[in-house]
Amino acid sequence: MKAILDTKNCPGSRMWTTTIARCTLPTMLKRSSVLACHALRAGGRPGWAAAISSSPSLQLTWRQLRGHGTQAPSPLPSNALGDSPGVRQVRALEQERLLEVEWEGSGQSLYPYTWLRDNCQCPLCTLQSAQARSLLLSQLDIHTGVDRVQVTDNNKVSIVWPDQHTSEFDPEWLRKRCFSPAARQALQEELFLNERTYWDSELRIPTANFEEVLHDDKAALAWLLALRRVGIVYLKGAPVEQGQVARLSQRIGYLRLTFYGHTWQVQDKSQANNVAYTSGKLSLHTDYPALHYPPGVQFLHCLSQAGEGGESEAVDGFHMADQLRREDPEAFRTLTSLRVDFTDTGSDYCDFMVQSKNHIIDVDSDGRVVRINYNNATRDSVLDLPLHQVQAFYSSLKAYVQLMMRPENMLTYKMEPGDLVTFDNWRLLHGRKSFQSHPDRMRHLEGAYLDWDEVMSRLRILFKSVHGES
């Protein structure tokens with residue numbers, strides 16, 4: 001089985017799409033612990049090249065996008081998390097309080113005594129049915145030594161502690177948790193898939209069949225991998241009736257309830273309680289920065305499209321943030337350091353009056369962009385900044401928005417009935433062109449939210465279902 005590239009122009013759009021028809025997900029690349037999928041040939045990194053199909057069209061797509069850049073870790077040494085060899089020998093380094101494990105073939109790993117005792121896998125220290133730690137921290141001697149260490153006949157690492165408690169560790173379990181920088185980086189990528197593929201107006205949106213995603217684990221896994229890596233995936237062929245976003249959410253877990261309900265109807269409404277519920281232009285934004293923890297993923301299902309206007313717009317907020325970092329470092333520093341007030345007041349699922357303070361651009365401790373919080377409609381008139389920082393804030397925000405508005409950065413497409421777009425609300429800024437409502441062509445989208453925690457949980461479960469424990 002392999003992915004099929006659909007080289008038809010998306011109706012009403014100048015973009016191209018990549019179709020995830022039947023997706024074969026190769027085994028996890030152990031040297032880099034990166035999950036890869038043929039369906040993501042619309043975007044990737046050189047480390048995925050070995051997984052690309054021999055299809056000429058897929059090769060062409062790789063060449064087209066490889067220059068777009070990624071937010072990705074550096075290549076890992078070949079022994080970072082390769083095949084798990086057996087243990088040749090172990091020895092205790094008493095002065096350093098480290099266990100040295102020498103692997104068959106080559107290489108060695110060091111493990112702190114305290115960490116090993118804390119993570120004993122025996123039934124007394126770990127609840128096996130939940131894979132949860134039973135050993136209390138109050139019971140842990142953080143200055144423990146070891147009595148003796150050895151390699152058992154079945155090639156496990158055995159440690160006898162001073163109180164004569166014994167711990168045994170499987171070689172593969174230990175090697176995966178090696179403390180070397182390369183191995184730690186590889187494992188974090190395996191767990192969280194932090195690598196991203198950047199894109200611009202020429203993106204070929206990964207596209208899948210709605211029913212296949214609902215009923216086929218490989219298709220569902222391909223969808224979620226693309227959603228994580230690229231940030232947007234199109235699903236075609238959903239029934240043109242309400243309730244499909246809820247059906248899709250059940251493939252993952254459950255919907256995120258907000259003040260607008262479990263699902264919500266994007267229509268031109270009188271006395272609208274949200275600017276989205278009008279026929280006017282929507283500027284590029286992320287949803288719900290008025291919450292301190294905005295929804296991570298958004299679904300929008302087209303039930304009816306306006307006869308004139310209503311095209312969707314999107315930009316890669318992470319890409320734009322990194323571009324701002326290069327072009328205007330001071331503006332990037334301002335938007336990652338100053339906290340801005342957002343507000344939303346009204347009544348829908350229930351009455352609400354929410355208030356938050358968020359950075360426009362959130363970065364982690366390594367400086368990696370992890371979330372964009374920007375909605376000009378709900379940015380509060382309250383601006384809790386010293387006077388001397390006000391102009392710098394406006395100049396920085398304007399610079400970021402102007403980057404997004406560049407034609408080469410903005411993706412434009414028009415949804416048709418039965419189309420369902422899924423996207424990363426922490427990363428994509430999306431908008432809409434104004435439209436004309438007619439009695440026989442009333443634009444109607446149904447939307448819903450999920451959180452990234454549950455999406456990533458389902459992705460890991462699907463990977464295990466498709467590929468087993470390897």
Side-chain angles (χ1 to χ4, degrees), residues 1-3 20-41 44-45 47-48 50-51 53 72-73 76 80-85 119 121 123 126-134 156 169-178 183-197 206 208-231 233 235 247-255 296-297 422 424 450-470:
M1 297 292 187
K2 62 182 180 180
I20 307 172
R22 293 286 183 183
C23 176
T24 300
L25 289 155
T27 306
M28 184 182 300
L29 302 180
K30 290 188 177 180
R31 289 190 175 183
S32 59
S33 289
V34 174
L35 300 176
C37 173
H38 289 167
L40 300 189
R41 291 314 107 210
R45 60 170 293 205
W48 295 8
S53 165
L76 297 171
L81 276 179
D83 294 333
S84 295
N119 290 283
Q121 298 295 291
T126 299
L127 177 61
Q128 303 297 322
S129 59
Q131 284 299 293
R133 184 181 290 105
S134 300
K156 292 189 176 184
F169 298 96
D170 182 83
E172 185 175 355
W173 188 94
L174 279 175
R175 189 171 176 84
K176 190 173 185 178
R177 292 159 178 78
C178 175
R184 285 167 42 221
Q185 183 183 43
L187 183 55
Q188 290 303 299
E189 177 59 27
E190 176 187 324
L191 293 174
F192 297 105
L193 297 179
N194 290 317
E195 182 180 341
R196 300 291 195 275
T197 299
N209 178 273
F210 178 79
E211 294 295 339
E212 285 190 2
V213 164
L214 288 185
H215 300 109
D216 183 272
D217 281 357
K218 288 184 179 180
L221 179 55
W223 163 49
L224 294 183
L225 281 168
L227 182 62
R228 185 66 171 173
R229 297 295 197 198
V230 184
V233 181
L235 303 183
R247 283 183 70 202
L248 186 60
S249 75
Q250 292 169 1
R251 189 64 165 107
I252 294 174
Y254 49 88
L255 290 171
V297 171
T422 63
D424 183 346
L450 294 89
D451 285 322
W452 267 117
D453 285 332
E454 65 190 89
V455 174
M456 289 300 296
S457 170
R458 181 56 57 191
L459 192 158
R460 298 180 190 111
I461 290 169
L462 284 168
F463 192 90
K464 182 177 178 181
S465 170
V466 171
H467 295 293
E469 297 286 352
S470 62

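Sequence positions, counted from 1, serve as the residue numbers for this chain. Worth knowing before you read on, the calculation uses all heavy atoms, side chains too, and leaves out hydrogens, waters and symmetry mates.
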From [X] atom [atom1] to [Y] atom [atom2], the distance as rounded to the nearest 0.5 Å:
X	Y	atom1	atom2	answer
Lys156	Trp173	NZ	CH2	12.0 Å
Glu195	Gln188	CD	CD	14.5 Å
Leu450	Asp453	CG	CG	11.5 Å
Arg460	Leu191	CZ	CG	6.5 Å
Glu172	Arg177	CD	CZ	9.5 Å
Leu193	Leu224	CG	CG	10.5 Å

Testing Leu462, Asn209, Leu248, Leu459 for side chain to side chain contact (heavy atoms under 4.5 Å, CB included) with Trp223, which one passes?
Leu248
Salt bridge present between Glu189 and Arg229 (N-O < 4.0 angstrom)
yes
Under 4.0 Å between a Lys/Arg side-chain N and an Asp/Glu carboxylate O for Asp217 and Arg251?
yes
Which pair of non-hydrogen atoms, one from [X] and one from [Y], has the smallest distance, and what is that distance?
X	Y	answer
Cys178	Arg184	O-CG, 3.6 Å
Ala220	Val213	CB-O, 3.5 Å
Ala226	Val233	CB-CG2, 3.5 Å

Cation-aromatic face contact Arg175/Phe169, 6.0 Å, 45 degrees
no
Sequence neighbours excluded, which residues qualify as side chain to side chain contact (heavy atoms under 4.5 Å, CB included) partners of Ser457?
Ile461
Could I get the full list of side chain to side chain contact (heavy atoms under 4.5 Å, CB included) partners for Arg247, not counting sequence neighbours?
Phe210, Glu211, Leu214, His215, Pro239, Gln244
Partners of Thr126 by side chain to side chain donor-acceptor pair (under 3.5 Å), sequence neighbours excluded?
none
